[in-house]
Trainee: 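Below: one structure in structure tokens.
Only heavy atoms go into these numbers, but all of them, side chains included; no hydrogens, no water, no symmetry mates.
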Amino acid sequence: MSSDNTYDSASVMQWLLDTESLEDFLQSLADAALELTRTEGAGVTIERDHRPLTVASAGPPALKLDEKQYGQDDGPCLHSARIGEEVAVEDMLRETRWGDYPAYAAACGIRSSLSLPISARTHTTGALNLYAGPPHAFKDADLSALRSLAAQATGAIALAQRIADAQEFAEQMQTAMQSRGVIDQALGVVMGQRRCTADEAFGILRSASQHRNIKLRDLCTELITNLTGQPPTSPDLRPRP
């Protein structure tokens with residue numbers, strides 16, 4: 001098995017620039033791991049909200065061995081992802097952990113495996129998994145390149161999660177601003193009808209919302225629609241050219 005480190009940080013960064021999605025990037029990492037080790041299979045498992053998924057795989061046995069572990073909710077790749085440590089299986093025929101998974105792996109022609117954690121101790125965890133035919137395939141291997149790939153996967157997932165969180169926050173702010181606009185329009189109507197202050201108008205709307213057991217925004221939308229014959233307009237939050 002070869003472990004020549006031909007994948008430095010510059011080449012990994014180039015993958016990130018060349019790929020169009022996180023899935024494509026992780027597929028490049030799985031392909032690289034398979035080429036580095038000359039093993040039979042490599043895969044990237046991601047687990048979020050206790051739901052594991054193989055997001056990238058290379059080599060025939062990787063996906064079915066991952067799926068076997070998911071089915072029994074236990075196995076070396078899940079163990080590595082959940083505890084944040086490397087998990088090596090020297091020989092599936094001598095392995096006593098994880099129920100009937102070792103026997104299944106051996107029947108698939110896989111006698112040893114190695115799982116390296118990804119995004120350990122975060123709400124999105126995972127593992128880079130290597131599957132080899134012979135026993136003790138990783139015993140004397142230089143694992144520095146594989147650990148580097150796992151680290152790069154961690155960084156890419158963290159970046160993707162930050163982008164997703166930012167988008168979710170922006171969407172929440174958009175909804176909040178739209179709600180605020182509708183409420184402000186309804187406040188203006190009540191102030192004009194009742195000749196009262198903004199605070200008094202808000203108290204009137206809030207009491208009506210509680211009495212009818214509907215959301216304040218929905219009450220205000222109904223008020224504006226009944227008055228004007230059309231739903232209230234929302235503020236345009238996009239930057240103007």
Trainee: Tell me if a side-chain donor or acceptor on T228 pairs with a main-chain N or O of Q230 at a distance below 3.5 Å.
Mentor: yes
Trainee: Is there a side-chain contact between L93 and P102 (heavy atoms, below 4.5 Å)?
Mentor: no
Trainee: When you check the side-chain N and O atoms of S113 and N129, is any donor under 3.5 Å from an acceptor?
Mentor: no
Trainee: Calculate, to the nearest 0.5 Å, the distance between atoms CG and CG belonging to L128 and L146 respectively.
Mentor: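 Here the rounded value is 6.5 Å.
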Trainee: To the nearest 0.5 Å, how far apart are NE2 in H50 and CG in D73?
Mentor: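 Going from NE2 on H50 over to CG on D73, the span is 4.0 Å.
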Trainee: Quick one: does S80's side chain have a donor or acceptor within less than 3.5 Å of a partner on P76's backbone?
Mentor: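 No.
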Trainee: Can you tell me if R195 uses its side chain to pair, donor with acceptor, with the backbone of G192 under 3.5 Å?
Mentor: no
Trainee: Who else is in Y70's hydrophobic cluster (ILVMFWY, side-chain heavy atoms under 4.5 Å, direct or via others)?
Mentor: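 Members alongside Y70: L78.
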Trainee: Got a donor-acceptor contact below 3.5 angstrom from the E90 side chain to the S112 backbone?
Mentor: no
Trainee: Which pair of non-hydrogen atoms, one from G43 and one from D66, has the smallest distance, and what is that distance?
Mentor: CA-OD2, 4.5 Å
Trainee: Are R147 and E86 close enough, and set up right, to give a side chain to side chain contact (heavy atoms under 4.5 Å, CB included), and what steps lead you there?
Mentor: CA-CA 10 Å; R147 289 168 179 155; E86 294 178 8; 2.6 Å; yes
Trainee: Supply the atom-to-atom distance L114 CG to Y131 OH, rounded to the nearest 0.5 angstrom.
Mentor: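 Atom-to-atom, L114:CG and Y131:OH are 10.5 Å apart.
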Trainee: Any chance you could measure L143, atom CG, to T37, atom OG1, to the nearest 0.5 Å?
Mentor: 10.0 Å
Trainee: With a 4.5 Å cut-off on side-chain heavy-atom distances among I, L, V, M, F, W and Y, is there a chain of contacts connecting V89 to Y104?
Mentor: yes
Trainee: Should L223 and I183 be regarded as members of a common hydrophobic cluster, given that ILVMFWY residues are connected when their side-chain heavy atoms come within less than 4.5 Å of each other, either directly or indirectly?
Mentor: yes
Trainee: Between M191 and T197, does the side chain to side chain contact (heavy atoms under 4.5 Å, CB included) criterion hold? Intermediate values first, please.
Mentor: CA-CA 6 Å; M191 290 170 64; T197 66; 5.8 Å; no
Trainee: Within the distance-only criterion (no hydrogens, no angle test), does the side chain of Q69 pair as donor or acceptor with the backbone N or O of C77 below 3.5 angstrom?
Mentor: yes
Trainee: Which atom names give the shortest non-hydrogen contact between P134 and A137, and what distance separates them?
Mentor: O-CB, 3.7 Å
Trainee: What's the separation between atom CG in L219 and atom CD1 in I204, rounded to the nearest 0.5 Å?
Mentor: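 Atom-to-atom, L219:CG and I204:CD1 are 11.5 Å apart.
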Trainee: Find out whether Q72 and D100 are in side-chain contact, i.e. whether some heavy atom of one side chain is under 4.5 Å from a heavy atom of the other.
Mentor: yes
Trainee: Do the side chains of L63 and L34 join up, straight or via other hydrophobic residues, at under 4.5 Å, putting them in one cluster?
Mentor: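 Each belongs to a different hydrophobic cluster.
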Trainee: Can you see which heavy atom on A132 is nearest to which on T39, and at what distance?
Mentor: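 Shortest heavy-atom contact: CB-CG2, 3.8 Å.
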Trainee: Would you check, one step at a time, whether the test salt bridge (charged side-chain N to carboxylate O under 4.0 Å, His left out) holds for R82 with E47?
Mentor: CA-CA 9 Å; R82 291 167 181 173; E47 183 172 40; 2.7 Å; yes
Trainee: Between D218 (side chain) and I214 (backbone), is there a donor-acceptor pair under 3.5 Å?
Mentor: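 Pair absent, no side-chain N/O of D218 close to backbone of I214.
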Trainee: Validate the cation-pi geometry between K68 and Y101: distance from NZ or CZ to the six-membered ring centre under 6.0 Å, angle to the ring axis within 45°.
Mentor: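 Relative to the ring axis of Y101, which defines the angle, K68 lies outside at least one limit.
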Trainee: Would you check if the side chain of S207 reaches a backbone N or O of G203 as a donor-acceptor pair within less than 3.5 Å?
Mentor: yes
Trainee: Are the side chains of L187 and L205 in contact, using a 4.5 Å heavy-atom criterion?
Mentor: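 Yes. Closest side-chain heavy atoms under 4.5 Å.
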Trainee: Looking only at non-hydrogen atoms, find the nearest pair between L227 and Q193 and report the distance.
Mentor: CD1-NE2, 4.4 Å
Trainee: When hydrophobic residues are tied together by side-chain contacts of less than 4.5 Å, even through go-betweens, does L149 share a cluster with I46?
Mentor: yes
Trainee: Tell me whether D74 is salt-bridged to R97, with the criterion being a basic N under 4.0 Å from an acidic carboxylate O.
Mentor: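 The answer is no: the pair does not qualify as a salt bridge.
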Trainee: Do side-chain atoms of T45 reach the backbone of T54 as a donor and acceptor pair under 3.5 angstrom?
Mentor: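 Not confirmed, T45 side chain does not pair with T54 backbone.
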Trainee: Hey, are the side chains of L26 and L29 touching, using non-hydrogen atoms and a 4.5 Å cut-off?
Mentor: yes
Trainee: If you take all heavy atoms of V190 and A201, which pair is closest and at what distance?
Mentor: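 Closest approach of V190 to A201: CG1-CB, 3.7 Å.
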Trainee: If you round to the nearest 0.5 Å, how far is OG of S57 from CG of D31?
Mentor: 9.0 Å
Trainee: Search all heavy atoms of A150 against all heavy atoms of P117 and return the closest pair with its distance.
Mentor: CB-O, 3.9 Å
Trainee: With a 4.5 Å heavy-atom cut-off, do K64 and C108 have their side chains touching?
Mentor: yes
Trainee: Could you point out which residue of R212, R217, K215 forms a salt bridge (charged side-chain N to carboxylate O under 4.0 Å, His left out) with E222?
Mentor: R212
Trainee: Can you check whether I110's main-chain N or O pairs, donor with acceptor, with E40's side chain at less than 3.5 Å?
Mentor: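 Flag not set: sc E40 to bb I110 has no pair under 3.5 Å.
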Trainee: Are L53 and L116 linked, directly or through intermediate hydrophobic residues, by side-chain heavy-atom contacts shorter than 4.5 Å (ILVMFWY only)?
Mentor: yes
